[in-house]
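In what follows, a structure is listed as structure tokens, so that the remarks can point back to it.
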Amino acid sequence: MGTLADKLTIVFAGAFDSAGYDRSYGEVRVSDRPDLCQFQCNGALAAAKQYRTNPRQIAQNVVESVSAPEVFDGLSLAGPGFINIQLKDEFIAAHVQEVHGDERLGCETVGTPGRIIVDYGGPNVAKPLHVGHLRAAIIGESIVRICRFVGHEVIGDVHLGDWGLQMGLIIEGLRGRQPDLPYFDAGESGPYPEEPPVDIADLEELYPQASEREKNDPDFAEAARQATVELQAGRPGYRALWKHFRDVSVDDLRQSYEQLNIRFDLWLGESDTQDRVRGLIAQLKEEGYARESRGALVVEVEEPGDRESIPPLMLEKTDGAVLYGTTDLATIDQRVEDYRPDYMLYVVDNRQQQHFRQVFKAAWKTGVAPESTRLEHNGFGTMNGKDGKPFKTREGGIMKLKDLIELVTGHARTRIETIESIREYDDDEKETISRIVGVAALKYADLMNHRTKDYVFDLERFSSFEGRTGPYILYAAVRIKSVLRRAGDRGLQAGRVMAPKSESERDLDLKLSELPAVIGLAFETRAPNHLCEYAFQLATAYNRFYHTHHILSEEDGDRRASWLAVSGVTLRALERVLDLLGIEVPRRM
RNA sequence: GCCCCAGUAGCUCAGUUGGACAGAGCAUCGGACUUCUAAUCCGAGGGUCGCAGGUUCGAAUCCUGCCUGGGGUACCA
């Protein structure tokens, strides 16, 4: 079905065609001058270039060729050749009626579904999630949901950092504390205790300590490097220990992500590619793609046509160790083999841009990924503090995600106590509402910023519940639920959508019709902020409508039933968009 | 040095890929609750779109140069 603008585009494409111009000029879109018209077609201006004619004349010809009197309330020319379009209220209502009857609210699915792997999250084993992980997780989750909704098969992979030096650091850190554990006995080969020697609190303490010590204690640093090498070589005690670390950490990560309503399909990590890294390197050498350079092994990715210079992708360091580029390449190799994906999307910090350019170019060049596989880095900006520098807590440390979630939940809890109608809810429901509202505030505040831009992490804004915020939108949705619930109690039902009676109602109808375009745009650009903007506009449109018309006390039964239908569509649209953003809606608040 | 990204209202940001007087939210000021949830709604003020050129009928948007900030620049991830 698409949007109203889509329907109008078909009409105008036909009109351009029958007036003797290319149909592609018939694109109609929502007007950016709502004071003048609802929709506009600017194709005549573009066409004037191609046909070397007066754009106003073209527009005139097109308008005369339009044949659909039941649709238009007004068609007029303006300025150099704009066509301004007003629709009949009946036509608008009929469209909303269609949306009402459609499971997908007018949103079509893609013609040729593909398989998409989304790589997001990227947490490290043993390191607690902090605000820096927030963006990857929530933007990635939203992109996953959007891709899935438009009809693709999507596989989300958390892609753990579980194989680097940090593992050696923790091993050595633990040895410092409990040197007698069987894992450290080189002569021992297992079996080892099933019970992990550490819990998550230990891990979160061990890593920063070890990391700090690495900087000041060369012997310790060397030991950690050695432990990393031995772990990677398969020393049984270290492997057993590593597995404990990983399990303990993953348990904790799952809980944190669950609180944010984020669920991964795959919990793979760097370690899962290790058994194929050597083979891949050997193969690339044999095929002549990998060559030695300054003592290291690299794949050249710069091509003759390239303007900018791009360093080669390094597979092996001088000392023979592999780097994360190697792992990333091996991961692509693995994914191609296991899943044959059409797309791989990497939701990772912008700063990795060059890295991914290298990896992708190398993957295509060497045939690790077919050229038809779309590899994309969907980068996002840095989260800065109010001083414009990367965000730190007041103490100068990094804020843990758990603390942040507790903070926003706490704000919501406090807020709830000030609202009379909620005071009587039982404690469980209050707590649920607090969590949903707090997390909605957090996620919305992040998602509303364009993905690629740096932005300022502002606690006040993150926990604000007024204006352009998650809770504002939840409130509108919950308000509709409440109306519908009461209507249900009185035995009132939704009916046929009638022509709008007021400006606020017409605006709501028109806004509802835009949903498919917004989701399409969010998908094409992998940018959830468009959904945030739309959710806000739709919520505002409904709030205005709500204030101008009292639904339940309306005496005209048909009118009331129509309003219930429109309210129902609005609720479904809001819930759909919020779901695509990964935001939950409470029953009431 | 070279490369990438950004600069829009006091603050935080949109701006549909070149279209009509540049839009929101916050903050400030003023209004609206005996009626479906006021976490709401209505109204007001607020701009040299970093600067200077250029392309175009038309530029916040494209090109060139400069200024400012951030990031990257083969053996960390």
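In what follows, every chain begins at residue 1, and chains take the letters A, B, ... in the order their sequences are listed.
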> Could you give the CZ-to-P distance, from A/R479 to B/rC41, as a whole number of Å?
Replying inline: 7 Å
>> With syn defined as a glycosidic angle within 90° of 0 and anti as the rest, where does B/rC33 land?
In response: syn
> Are A/Y472 and A/Y475 close enough that their ring centres sit under 6.0 Å apart?
Replying inline: no
> Taking atom P in both B/rC33 and B/rG46, what distance in whole Å separates the two?
Replying inline: 29 Å
> Can you tell me which stems RNA chain B forms when a stem means 3 or more consecutive Watson-Crick or G-U pairs under 3.5 Å?
Replying inline: B:1-7 with B:67-73, B:10-13 with B:23-26, B:28-32 with B:40-44, B:50-54 with B:62-66
>> Are the side chains of A/V62 and A/F12 in contact, using a 4.5 Å heavy-atom criterion?
In response: yes
>> Would you say A/Y324 places a side-chain N or O within less than 4.0 Å of OP1 or OP2 belonging to B/rA77?
In response: no
>> So which atom in A/L531 and which in A/A522 form the shortest heavy-atom distance, rounded to 0.1 Å?
In response: CG-CB, 3.8 Å
> OP1 or OP2 of B/rA38 sitting under 4.0 Å from any side-chain N/O of A/Y546?
Replying inline: yes
> Whole Å only: how far is the CE atom of A/M448 from the C1' atom of B/rA24?
Replying inline: 9 Å
>> Apply the syn/anti split at 90° from 0 to B/rU17 and say which one it is.
In response: syn
> B/rU40 P sits how many Å from A/Y542 OH, rounded?
Replying inline: 16 Å
>> Looking only at side-chain N and O atoms, does A/Q358 offer a donor or acceptor that is under 3.5 Å from a partner on A/Q354?
In response: no
> With respect to the side chain of A/P311, which nucleotide from B/rA74, B/rA6, B/rG71 is positioned closest?
Replying inline: B/rA74
> A/H550 stacking on B/rC36: centroids under 5.5 Å, ring planes under 30°?
Replying inline: yes
> For RNA chain B, whose closest nucleotide is more 5', that of A/M314 or that of A/I83?
Replying inline: A/I83
> Between atom CG in A/L313 and atom P in B/rC76, what is the gap in whole Å?
Replying inline: 14 Å
> Can you check whether A/F360 and A/Y346 have ring centres sitting under 6.0 Å from each other?
Replying inline: yes
>> For A/N543 and A/T540, which I'm curious about, is there any donor-acceptor pair between the side chains at under 3.5 Å?
In response: no
> Rounded to whole angstrom units, what separation is found between the NZ atom of A/K453 and the P atom of B/rG69?
Replying inline: 18 Å
> So, is A/S482 near the phosphate of B/rU37, with a side-chain N or O under 4.0 Å from OP1 or OP2?
Replying inline: yes
> Can you find a side chain N or O atom of A/Y472 that sits less than 4.0 Å from OP1 or OP2 on B/rC41?
Replying inline: yes
>> Under 3.5 Å, is there a donor on one side chain and an acceptor on the other for A/Y455 and A/D446?
In response: yes
>> A cation-pi test, strictly: NZ or CZ of A/R479 under 6.0 Å from the centre of the six-membered ring of A/Y546 and no more than 45 degrees from its axis. Yes or no?
In response: yes
> Is the shortest side-chain N/O distance from A/R486 to OP1 or OP2 of B/rU37 below 4.0 Å?
Replying inline: yes
> Which word best sums up how the rings of A/W563 and A/F545 line up, parallel for under 30°, tilted for 30 to 60°, or perpendicular for over 60°?
Replying inline: perpendicular
>> Show, in sequence, the C-alpha distance, side-chain angles and deciding distance for A/R246 and A/D272, and conclude whether the salt bridge (Lys or Arg N to Asp or Glu O under 4.0 Å) test is met.
In response: CA-CA 12 Å; A/R246 194 179 191 276; A/D272 292 287; 3.6 Å; yes
> Of the nucleotides B/rA14, B/rA39, B/rC13, which has the atom closest to the A/V437 side chain?
Replying inline: B/rA39
>> Whole angstroms only, please: what is the CZ-C1' distance between A/R351 and B/rG71?
In response: 7 Å
>> How many whole angstroms separate atom CD of A/Q354 from atom C1' of B/rA74?
In response: 9 Å
>> If you compare every side-chain N and O of A/H355 against the phosphate oxygens of B/rU73 (OP1, OP2), does one of them come in below 4.0 Å?
In response: no
> Does any donor atom in the side chain of A/S502 or A/T548 lie under 3.5 Å from an acceptor atom in the other side chain?
Replying inline: no
> Taking the side chain of A/I416 as heavy atoms from C-beta outward, which of B/rG15, B/rA39, B/rC41 is closest to it?
Replying inline: B/rA39
>> Please determine whether a side-chain nitrogen or oxygen atom of A/N350 lies at a distance below 4.0 Å from atom OP1 or OP2 of B/rG71.
In response: no
> How does protein reach along nucleotides 55-62 of chain B, written 5' to 3' as B (base within reach of a heavy atom under 4.0 Å), S (only sugar-phosphate), or - (no contact)?
Replying inline: --BB----
> How many Å lie between NZ on A/K361 and C1' on B/rA74, as a whole number?
Replying inline: 16 Å
